[in-house]
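We number each residue from 1, following the sequence as shown.
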Amino acid sequence: MAPSGSHSMKKGCQRVLYWIPVLFIALIVAWSYYAYVLQLCIESIEDTGEKVVYLLVYHVIFIMFVWTYWQTIFTKPMNPLKEFQMSHSDKELLQREDRGESQQEILRRLAKDLPIYSRTNSGAIRFCDRCQLLKPDRCHHCSVCDKCILKMDHHCPWVNNCVGFSNYKFFMLFLAYSLLYCLFITATDLQYFIKFWTNGLPDTQAKFHILFLFFSASMFSVSLASLFTYHCWLVCKNRSTLEAVRSPVFRHGTDKNGFSLGVSKNFRQVFGDEAKYCLGDGCSFPTCLVNLDPEQPSSPSGSIPGRHFPSKPLRDSQSRLLISAPSWTETDTEPTSRILKKAMPVSKESEPA
């Protein structure tokens, strides 16, 4: 019992430590609110019209920033569906086999009716021995969360959560609003920052808040702009951070653009056509690769009503859509609408393998 109690205590301490970066961000944001609203707007700005405009715009941006940060933190990452879990008998069968080729035969049999098209670098079926499941495409096991995450991008310590299929949209919005928040503070604080150096401000404690507020907002703006630009590039290319570091592998080989459908469609796959929706179920993804896997009927399609992934990975309409992927234009709207009609709401529920 002692080792078990010690292990539980260690896990509890780790969970507390993981919240320290989030607490740090919360304290920084709370101080910035005090410094901007009270010390800058109320105490230092004398023009009433300017003060009201600054406060109104600031609070709109602040509310959106806090809301997206909250959603990124507390939206639970989605895990693979039960169809990807191995039954007890299959687990026992796999454990009895000591030859790698025999184990792969078992895994190939289990994956035959699932929309799984990516492979390991050696061409094997991707399998998580910790979660005892077949990995859906773009799914990876997070060493921090100790579970497999659908379309995992990375584990972010600043939100104490995995960024993946369920919350990537919120993560992108969080980056956008946090950047806008910092830029707005920097722009509106600039003239009073200059007055600080020209002795144009009364000698009060507000001077130091205005000084450090400008420096903090400016530095965060630079780092956030870099990160936001990088993730915008990833969205346009339909890649995760893990896929940018190590390209996905298919049976025909490595293909960094295997999931790219064109900028517009890539964007809609993350953000959807409605505020509460994104495309897909997180387990199967449209791909520009068609009929390259002899073990599967063809490329995966979007979700269909009544199931989280298609009983047959490809329908005729999807085939016509994907087979022309290399020469797509943004005017190809008819096939795309068929996928968009099947959009499903995101459920609110690291290391790559």
Answer yes or no: is there a side-chain heavy-atom contact under 4.5 Å between [X] and [Y]?
X: Y69; Y: S178; result: no
X: V235; Y: Y168; result: yes
X: H141; Y: D146; result: yes
X: H140; Y: D153; result: no
X: I210; Y: Q39; result: no
X: V29; Y: F65; result: yes
X: C139; Y: I149; result: no
X: R138; Y: F259; result: yes

Mark yes when over 12 heavy atoms from residues, nucleotides or ligands other than [X] sit less than 6.0 Å from its [atom1]; otherwise mark no.
X: Y177; atom1: OH; result: no
X: R109; atom1: CZ; result: yes
X: Y34; atom1: OH; result: yes
X: K256; atom1: NZ; result: no
X: K237; atom1: NZ; result: no
X: Y230; atom1: OH; result: yes

Q.
Check whether S223 reaches the backbone of F220 with its side chain - one donor and one acceptor, N or O, closer than 3.5 Å.
A. yes

(Q) I'd like to know if the side chain of K51 and the backbone of I45 have a donor-acceptor N/O pair within less than 3.5 Å. (A) yes

Q. Any idea how H154 and H231 line up, ring-wise: parallel (<30°), tilted (30 to 60°), or perpendicular (>60°)?
A. tilted

Q) Parallel, tilted or perpendicular: which describes the rings of Y33 and H59, with under 30° parallel and over 60° perpendicular? A) perpendicular

(Q) Could you check whether E101 pairs with R108 (Lys NZ or Arg NE/NH1/NH2 to Asp/Glu carboxylate O, under 4.0 Å)? (A) yes

Check whether the side chains of [X] and [Y] place a donor and an acceptor atom closer than 3.5 Å, and report yes or no.
X: Q71; Y: N167; value: no
X: H155; Y: N161; value: no
X: T188; Y: Y58; value: no
X: N266; Y: S260; value: yes

As an exercise, state the distance from [atom1] of [X] to [atom2] of [Y], rounded to the nearest 0.5 Å.
X: L134; Y: C128; atom1: CG; atom2: SG; value: 10.5 Å
X: C162; Y: F171; atom1: SG; atom2: CZ; value: 11.5 Å
X: L17; Y: I20; atom1: CG; atom2: CD1; value: 4.5 Å
X: Q132; Y: D90; atom1: CD; atom2: CG; value: 10.5 Å
X: Y54; Y: D47; atom1: OH; atom2: CG; value: 9.0 Å
X: K195; Y: L190; atom1: NZ; atom2: CG; value: 11.5 Å

So which heavy atom on [X] is nearest to which on [Y], and how close?
X: T186; Y: A217; answer: OG1-CB, 3.3 Å
X: E243; Y: N238; answer: OE1-O, 4.0 Å
X: S218; Y: F214; answer: OG-O, 2.7 Å
X: R119; Y: F250; answer: CG-C, 4.4 Å
X: D137; Y: Y117; answer: OD1-N, 2.9 Å
X: I125; Y: T120; answer: O-CG2, 4.2 Å

Q) Hey, mind stepping through D255 and V249 against side-chain contact (heavy atoms from CB on, under 4.5 Å) and telling me if it holds? A) CA-CA 6 Å; D255 192 332; V249 180; over 6 Å; no

Treating Ile, Leu, Val, Met, Phe, Trp and Tyr as nodes and any side-chain heavy-atom pair under 4.5 angstrom as an edge, say whether [X] and [Y] lie in one connected cluster.
X: W70; Y: L23; result: no
X: L179; Y: V60; result: no
X: I25; Y: V222; result: no
X: V57; Y: V37; result: yes
X: L38; Y: I61; result: yes

Q) Passes ring pair (Phe, Tyr, Trp, His ring centres under 6.0 Å), F170 versus F174? Steps please. A) CA-CA 6 Å; F170 294 125; F174 161 65; over 10 Å; no

(Q) Using side-chain contact (heavy atoms from CB on, under 4.5 Å), reason through N79 and L150 one step at a time and then give a plain yes or no. (A) CA-CA 6 Å; N79 311 121; L150 294 181; 5.8 Å; no

Q: Evaluate the criterion side-chain hydrogen bond (donor to acceptor under 3.5 Å, both in side chains) for residue pair S32 and Y181; output intermediate values, then yes/no.
A: CA-CA 10 Å; S32 69; Y181 179 75; 2.7 Å; yes

Q | Stepwise side-chain contact (heavy atoms from CB on, under 4.5 Å) check, Y36 with I185 | A | CA-CA 8 Å; Y36 189 88; I185 290 177; 4.1 Å; yes

Q: Check the pair V159, C156 against side-chain contact (heavy atoms from CB on, under 4.5 Å), reporting the backbone distance first and the verdict last.
A: CA-CA 6 Å; V159 300; C156 181; 3.6 Å; yes

